[in-house]
Protein chains: 2
Amino acid sequence: MVTIHDVALKAGVSVTTVSRVLNNRGYISESTRSKVYRIMEELNYHPNEIARSLLRKRSNIIGLIVPDVSHPFFAELANHVEYYAYQDGCKVLLCNSHLDPVKEKEYIEMLKRNMVDGIVMGSHTLQVDDYRNLHSPIVTIDRQIDEEIPYISSDNYRGGELATELLIAKGCKKIAHICGNLELKLLANKRSSAFRDVMSRHDIEYVIIQTDMNVFDHAQYGSIIERLLREHPDVDGIFATSDIIAAFALKGCIKAGKKVPEDIRIIGYDDIGAVSWFEPELSSIKQPISEIGRLSVELIRKQRDGEPFIRENILPVELMERSTT
Amino acid sequence: MVTIHDVALKAGVSVTTVSRVLNNRGYISESTRSKVYRIMEELNYHPNEIARSLLRKRSNIIGLIVPDVSHPFFAELANHVEYYAYQDGCKVLLCNSHLDPVKEKEYIEMLKRNMVDGIVMGSHTLQVDDYRNLHSPIVTIDRQIDEEIPYISSDNYRGGELATELLIAKGCKKIAHICGNLELKLLANKRSSAFRDVMSRHDIEYVIIQTDMNVFDHAQYGSIIERLLREHPDVDGIFATSDIIAAFALKGCIKAGKKVPEDIRIIGYDDIGAVSWFEPELSSIKQPISEIGRLSVELIRKQRDGEPFIRENILPVELMERSTT
DNA sequence: TTGTAGGCGTTATCAC
DNA sequence: GTGATAACGCCTACAA
């Protein structure tokens with residue numbers, strides 16, 4: 001490995017001078033500058049970021065903790081977080097919690113030991129206190145820990161309203177809502193509150209079905225749908241809290257011989273790319289994932305640099321009507 | 001930030017001793033050991049990994065460069081690489097090249113400056129020489145750079161055979177193959193070679209359509225399919241080189257009023273999760289992505305530690321027959 | 001305009 | 001068993 005000393009030696013100057021050239025600090029004569037540059041080139045020198053980080057007490061790394069990047073929503077989130085982090089001169093350390101609190105906690109410790117600039121928390125398996133005592137810039141996605149920790153979410157309540165109102169407007173008389181486990185205190189639960197509110201307002205019959213805690217166990221969806229259609233054969237509208245669930249609902253309906261959207265209308269949530277790869281294309285509520293990613297990085301940076309920042313960030317959602325409603 | 005010095009001071013021992021306790025090296029009396037542990041606890045001390053890395057000349061980080069994590073294949077790859085890296089005590093730095101050679105090169109430089117243990121290259125926008133002169137443990141996915149650099153791919157040729165032979169066995173009389181741009185010297189091109197070989201052997205009519213370089217521009221797929229069906233209305237089998245393309249083909253066929261698989265049979269490649277979320281479920285060739293991830297990490301580790309390793313790693317594929325064939 | 005010296009937090013080496 | 005001390009590669013006062 002070639003260090004700043006090697007360059008200094010070969011260039012016949014001190015390490016300070018090389019460092020100055022490197023960082024464009026202070027005054028250097030044009031001749032030494034170009035000489036140093038030439039030697040750096042010759043030796044193929046690249047400054048050691050680790051040494052820099054040690055000095056700076058910061059690694060320019062953003063830790064991104066998600067349940068599972070292979071889930072389309074988090075894959076897109078990771079994609080955008082990386083995009084904006086890169087623009088900020090930061091790197092992204094990818095951490096899957098795989099819904100394991102131990103792993104999530106270990107990752108948090110690891111990130112702190114590596115002096116990351118901050119942590120974007122997309123996974124939430126720990127207790128509130130564990131997040132509170134981080135002493136590191138942090139942003140949570142879709143969960144509000146307390147007054148202090150900034151969070152980002154899309155307007156879940158509005159999303160729930162939009163989806164529900166659409167089904168009603170289309171004339172649905174009995175609507176099923178399939179949501180995640182409401183025990184988890186996620187902001188996504190507001191979609192369900194909105195559903196309940198709108199339905200009560202319109203005095204339409206409805207059922208709410210909670211899925212298992214494990215969002216990644218897709219096997220459960222098939223049977224949940226089947227049971228729903230069996231126990232409530234008169235359901236003519238389904239609002240699913242994710243596109244994946246909605247896709248399984250669609251599949252279940254087709255298998256059960258129902259026509260979509262004629263017999264039963266279906267709308268999902270997230271607007272992941274895959275919904276438009278298949279036919280019929282799924283109606284969905286679109287979250288501004290790119291903006292969520294951008295804001296995550298910005299909020300980390302602002303906290304890190306001691307700039308003021310907003311703690312509650314609720315982003316607008318958009319109804320994407322396609323062929324299943 | 002609390003350092004090893006603070007612990008040493010409060011415990012009334014030297015930093016050396018604390019370091020020994022920390023790393024379980026040399027002899028320490030049980031009493032000092034427990035005292036040190038207690039103080040570490042009290043002070044909530046966590047060793048600074050950056051300082052360690054500086055000394056060790058290694059960050060325990062694996063750089064993962066992919067075109068785009070939001071693509072299901074790479075999302076799954078990232079997921080598994082992270083899984084196995086974690087088991088090895090390594091972290092994963094996520095790098096999207098977004099098909100930009102400049103960004104890819106900058107990422108490579110950055111990773112070297114950060115003394116990563118190695119680089120998993122899933123993106124290939126650079127020239128062969130750029131990869132050759134890395135002087136860092138590296139593994140390429142689905143591309144063979146030269147004799148030296150280890151690569152991992154699934155058995156693309158066999159995959160191509162399986163897909164093609166299935167369509168033929170089902171009685172297809174005119175088969176279209178939609179593949180990526182063959183200019184790019186990717187091992188995935190062997191799928192197309194296999195297709196051509198098998199078709200010639202059986203003397204069946206076929207067409208081969210290359211898509212654009214940009215794999216992430218899904219907009220092109222719709223029109224490609226439409227044109228295919230228009231120019232070759234008698235095609236009764238499609239072998240697409242990715243599930244996404246296959247999904248668009250499926251959609252195009254349905255829109256064109258064709259019944260799948262009765263009028264036309266379709267098979268994709270990769271077996272991404274999404275294919276089984278929708279109806280009809282897509283037949284596909286499954287790549288062992290988990291094993292690819294595991295091997296990537298193993299090959300980095302072996303190179304890093306100077307252990308012997310295998311340079312050519314071709315993993316078996318599997319035919320997943322579902323409802324579209 | 002350039003150089004010397006000290007320190008970032010840790011571990012390895014060698015003494016005691 | 002334990003403790004000084006010197007690295008690791010870089011940057012930044014301060015001095016010249």
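Below, chain A is the first sequence line, B the second, and so on; all start at residue 1. Heavy-atom basis, side chains included; hydrogens, waters and symmetry copies ignored.
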Query raised in the report: Will you find, in the side chains of A:His46 and A:Asn44, an N or O donor that is under 3.5 Å from an N or O acceptor?
Result: yes

Query raised in the report: Taking the inter-plane angle between the rings of B:His124 and B:Tyr131 on a 0 to 90° scale, is it parallel (under 30°), tilted (30 to 60°) or perpendicular (over 60°)?
Result: perpendicular

Query raised in the report: Between the side chains of A:Asn79 and B:His71, is a donor N or O closer than 3.5 angstrom to an acceptor N or O?
Result: no

**Report entry** Strand-adjacent residues in residues 27-36 of chain A, judged by heavy atoms under 4.0 Å from DNA chain C
**Finding:** A:Tyr27, A:Ile28, A:Ser29, A:Thr32

**Report entry** d(NE2, A:His5; C1', D:dA6) in whole Å
**Finding:** 14 Å

Query raised in the report: Take atom CD1 in A:Ile310; do more than 12 heavy atoms of anything else shown fall under 6.0 Å from it?
Result: no

Query raised in the report: End-to-end bend of the helix from C:dT1-D:dA16 to C:dC16-D:dG1 (five-pair axes, 10° rounding)?
Result: 40°

Report task. Kindly confirm or rule out a cation-pi arrangement of A:Lys91 over A:Tyr86, judged by NZ or CZ under 6.0 Å from the six-membered ring centre and within 45° of its axis? Result -> no

Query raised in the report: How many Å lie between CG on A:Leu43 and P on D:dG9, as a whole number?
Result: 14 Å

**Report entry** Terminal contacting nucleotides, 5' and 3', DNA chain C versus chain A (heavy atom, 4.0 Å)
**Finding:** C:dT1 to C:dG9

Query raised in the report: How about A:Ser123 and A:Ser97: does a side-chain donor come under 3.5 Å of a side-chain acceptor?
Result: yes

Requested in this report: Measure the spacing between CD of B:Glu298 and CD1 of B:Ile300 and express it to the nearest 0.5 Å.
Outcome: 11.0 Å

**Report entry** A:Ser290 versus A:Tyr84, side-chain donor and acceptor atoms under 3.5 Å
**Finding:** yes

Report task. Could you state the atom-to-atom distance from CE of A:Met40 to P of D:dC10 in whole Å? Result -> 11 Å

Report task. For B:Thr16 and B:Ser19, run side-chain hydrogen bond (donor to acceptor under 3.5 Å, both in side chains): C-alpha distance rounded to whole Å, both residues' side-chain angles, the deciding distance at 0.1 Å, then the answer. Result -> CA-CA 5 Å; B:Thr16 314; B:Ser19 175; over 6 Å; no

Report task. Run the numbers on B:Glu49 and A:Asn114 for side-chain hydrogen bond (donor to acceptor under 3.5 Å, both in side chains), then give the verdict. Result -> CA-CA 5 Å; B:Glu49 282 300 326; A:Asn114 281 277; 5.3 Å; no

Query raised in the report: According to the salt bridge (charged side-chain N to carboxylate O under 4.0 Å, His left out) rule, which pairs have a member within residues 9-29 of chain A, sequence neighbours left out?
Result: A:Lys10-A:Glu42

Show me, pair by pair, the donor-acceptor contacts under 3.5 angstrom made by side chains of residues 145-152 of chain A, not counting sequence neighbours?
residue  : atom : partner  : partner atom : Å
A:Asp146 : OD1  : A:Glu148 : N            : 2.8
A:Asp146 : OD1  : A:Ile149 : N            : 2.9
A:Asp146 : OD2  : A:Arg132 : NH1          : 3.4

Query raised in the report: Whole-Å distance between D:dC10 C1' and B:Asn114 CG?
Result: 14 Å

Query - Side-chain H-bond candidate by donor/acceptor type, A:Ser70 with B:Glu76, under 3.5 Å - result: no

Requested in this report: Encode nucleotides 11-16 of chain D as B, S and - characters from 5' to 3', where the letter depends on protein heavy atoms closer than 4.0 Å: B to the base, S only to sugar-phosphate, - to neither.
Outcome: SBBB--

